[in-house]
Amino acid sequence: MRYVTLVLIFLSSLHSNEWIDEARATAPQTEEILALFDQIGSSRVVIETGSDDLRIKYVHAQGCIEQMLARRQELGQITDLVGIIHTPLPATPLCVKPEETSTLDPKKWETVLSRAQILREYLAKGSKLYIVYPEGGLQKRSADQQSVYTAALEQFSTNLIDWTLDANTIDPDMIGATYLFRGSDNELYAFSIKARQITDMQPEAEWGIWFGPLSDEAISLRVNAICDYLSSVGGPKL
């Protein structure tokens, strides 16, 4: 039995590293982003505290992983993919157009624009995505942003789900996104990111990425915490 367990752990590591390598290849080839992917590939969990400048590498990594997951599901290499973006306001990339301009830091704004395109491609491939936010979150968006978001909901009505929580706020430790899927080995895997929205930049915050099999204790702790929290505030049952 111990031998079988070790084999399964080894196989899950091979899967995870293969997926990370694929996502890494599409990322901006900067030292910081490549180093982040190397850390994810070797340890599965990366957590650090720092300024909002961490957004650039973490959110670019997020977009590349989202893109990879959608592509792999389309090819039948993973199954049962479902994503949950759990943030104070509806997901920024779906509230702006991929070509929209901004007065924000161009490098940070680029993370929004790239994911605006990536999430629409993810949805166009038929992958399921919940947009989860507290009561009043949509109303905090501008009229133009609400219009863009409504258009996305109409365009992807079969697999983009708008979900308002039974709460007025969201725990800062729970802000981010989580994706669950099944590998060809029939094991359950997860990708989760802890990140602040660009509308809520903090001088210092904790950023984190978890990527790997749910059999990994650190990953299951993060995913279970997210699922338990969402369940406690009227979130979707996953």
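Excluded from the calculations below are hydrogen atoms, water molecules and symmetry mates; all remaining heavy atoms, backbone and side chain alike, are included.
- Counted within 6.0 Å of NZ on K97, heavy atoms from surrounding residues, nucleotides or ligands total 12 or fewer; the atom is thus considered open.
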Verdict with supporting geometry, S184 and R72, side chain to side chain donor-acceptor pair (under 3.5 Å): CA-CA 11 Å; S184 58; R72 290 231 164 204; over 6 Å; no
Side chain to side chain contact (heavy atoms under 4.5 Å, CB included) evaluation trace for I226 with M174: CA-CA 6 Å; I226 293 291; M174 299 292 109; 3.7 Å; yes
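- When all heavy atoms of Q73 and D80 are compared, the pair lying nearest together is OE1-N, 3.8 Å.
- Residues E206 and I47 are in side-chain contact: their nearest non-hydrogen atoms beyond the backbone lie under 4.5 Å apart.
- Following chains of ILVMFWY side-chain contacts shorter than 4.5 Å, one cannot reach V45 starting from L221, and the two form parts of different hydrophobic clusters.
- Between W19 and F181, the ring planes lie perpendicular to each other; the angle is over 60°, past the 30° to 60° tilted range.
- Rounding to the nearest 0.5 Å places CE of M201 at 10.0 Å from CG of D53.
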Full working for side chain to side chain contact (heavy atoms under 4.5 Å, CB included) between W109 and D105: CA-CA 6 Å; W109 185 243; D105 179 330; over 6 Å; no
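- Looking at heavy atoms from C-beta onward, P93 lies out of side-chain contact with Q117 at the 4.5 angstrom threshold.
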Working for side chain to side chain donor-acceptor pair (under 3.5 Å), residues D200 and Q202: CA-CA 6 Å; D200 182 32; Q202 301 292 316; 2.7 Å; yes
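- Of the inter-residue distances, the one linking F37 atom CZ with I20 atom CD1 reads 6.0 Å to the nearest 0.5 angstrom.
- R120 is listed as a side-chain neighbour of L94, based on a closest heavy-atom distance under 4.5 Å.
- Side chain of S43 to main chain of I40: no donor-acceptor pair is present (N/O by atom type, distance under 3.5 Å, no hydrogens or angles).
- Using a 4.5 Å cut-off on side-chain heavy atoms (C-beta onward), L81 and L180 make no contact.
- The neighbour count for Q139 CD, taken as heavy atoms of other residues, nucleotides or ligands under 6.0 Å away, is above 12.
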Criterion salt bridge (charged side-chain N to carboxylate O under 4.0 Å, His left out) on E66 and R115, from CA distance to verdict: CA-CA 9 Å; E66 289 168 330; R115 287 191 63 239; 2.9 Å; yes
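- For A23 against C64, the heavy-atom pair with the smallest separation is O-CB, 3.5 Å.
- Looking only at distances, a side-chain donor or acceptor of T150 sits under 3.5 Å from a matching main-chain atom of Q146.
- Between F191 and I209 there is a side-chain heavy-atom pair separated by less than 4.5 Å.
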Test log, rule salt bridge (charged side-chain N to carboxylate O under 4.0 Å, His left out), inputs R24 and D38: CA-CA 9 Å; R24 185 183 192 273; D38 288 342; 3.1 Å; yes
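- Taking CG of L69 as the reference point, atom NZ of K125 lies at 12.0 Å (rounded to 0.5 Å).
- Criterion: ILVMFWY side-chain heavy atoms under 4.5 Å apart, direct or through other members. Under it, I118 and L123 are not part of a common hydrophobic cluster.
- Side chain of D216 to backbone of G212: no donor-acceptor contact under 3.5 angstrom is found.
- A donor-acceptor pair shorter than 3.5 Å cannot be found between the side chains of T164 and E135.
- V96 places none of its side-chain heavy atoms less than 4.5 Å from the side chain of V148.
- With ring centers used as reference points, Y122 lies under 6.0 Å from Y179.
- When hydrophobic clusters are built by joining Ile, Leu, Val, Met, Phe, Trp and Tyr residues whose side-chain heavy atoms come closer than 4.5 Å, directly or via intermediates, L188 is grouped together with V82.
- Here OG1 of T79 is found 7.0 Å from CG of N186. Values are rounded to the nearest 0.5 Å.
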Residues R141, T92; criterion side chain to side chain contact (heavy atoms under 4.5 Å, CB included); working and verdict: CA-CA 9 Å; R141 289 290 188 190; T92 304; 2.8 Å; yes
Salt bridge (charged side-chain N to carboxylate O under 4.0 Å, His left out) between E32 and K57, intermediate numbers included: CA-CA 7 Å; E32 293 81 3; K57 67 176 182 178; over 6 Å; no
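- Separation of atoms CG (D171) and CG (L230) is listed at 10.5 Å; rounding is to 0.5 Å.
- A continuous path of hydrophobic side-chain contacts links L214 to W210 [ILVMFWY only; heavy atoms under 4.5 Å].
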H60 vs E110, side chain to side chain contact (heavy atoms under 4.5 Å, CB included): CA-CA, chis, key distance, verdict: CA-CA 9 Å; H60 271 309; E110 176 57 29; 4.0 Å; yes
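- The closest donor-acceptor contact from the side chain of Q155 to the backbone of L153 lies at 3.5 Å or more, if one exists at all.
- Pairing each heavy atom of A61 with each of L36, the nearest pair is CB-CD2, 3.9 Å.
- Between the side chains of E48 and Y58, a donor-acceptor pair is found at a separation under 3.5 Å.
- At least one side-chain heavy atom of L119 sits less than 4.5 Å from a side-chain heavy atom of I85.
- Side-chain contact between K194 and I175 is absent, with no heavy atoms from C-beta onward closer than 4.5 Å.
- Between Q197 and P90, the closest heavy-atom pair is NE2-O, 3.6 Å.
- Minimum interatomic distance between D173 and R222 (heavy atoms only, all atoms of both residues): O-NH1, 3.0 Å.
- Taking hydrophobic clusters as Ile, Leu, Val, Met, Phe, Trp and Tyr residues chained together by side-chain heavy-atom distances below 4.5 Å, W207 does not share a cluster with V112.
- Residues in residues 131-157 take part in no ring pair (Phe, Tyr, Trp, His ring centres under 6.0 Å) pair, two or more places apart or across chains.
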Steps toward salt bridge (charged side-chain N to carboxylate O under 4.0 Å, His left out) verdict (D52, R55): CA-CA 6 Å; D52 194 76; R55 171 181 309 280; 2.8 Å; yes
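- Across every non-hydrogen atom of I170 and Y229, the tightest pair is CA-OH, 3.4 Å.
- Side-chain atoms of E187 never come within 3.5 Å of backbone atoms of R182 as a donor-acceptor pair (strictly under, hydrogens ignored).
- Atom NZ in K237 sits 10.5 Å away from atom SG in C227 (nearest 0.5 Å).
- The backbone N or O of Q145 lies less than 3.5 Å from a partner atom in the side chain of S142, making a donor-acceptor pair.
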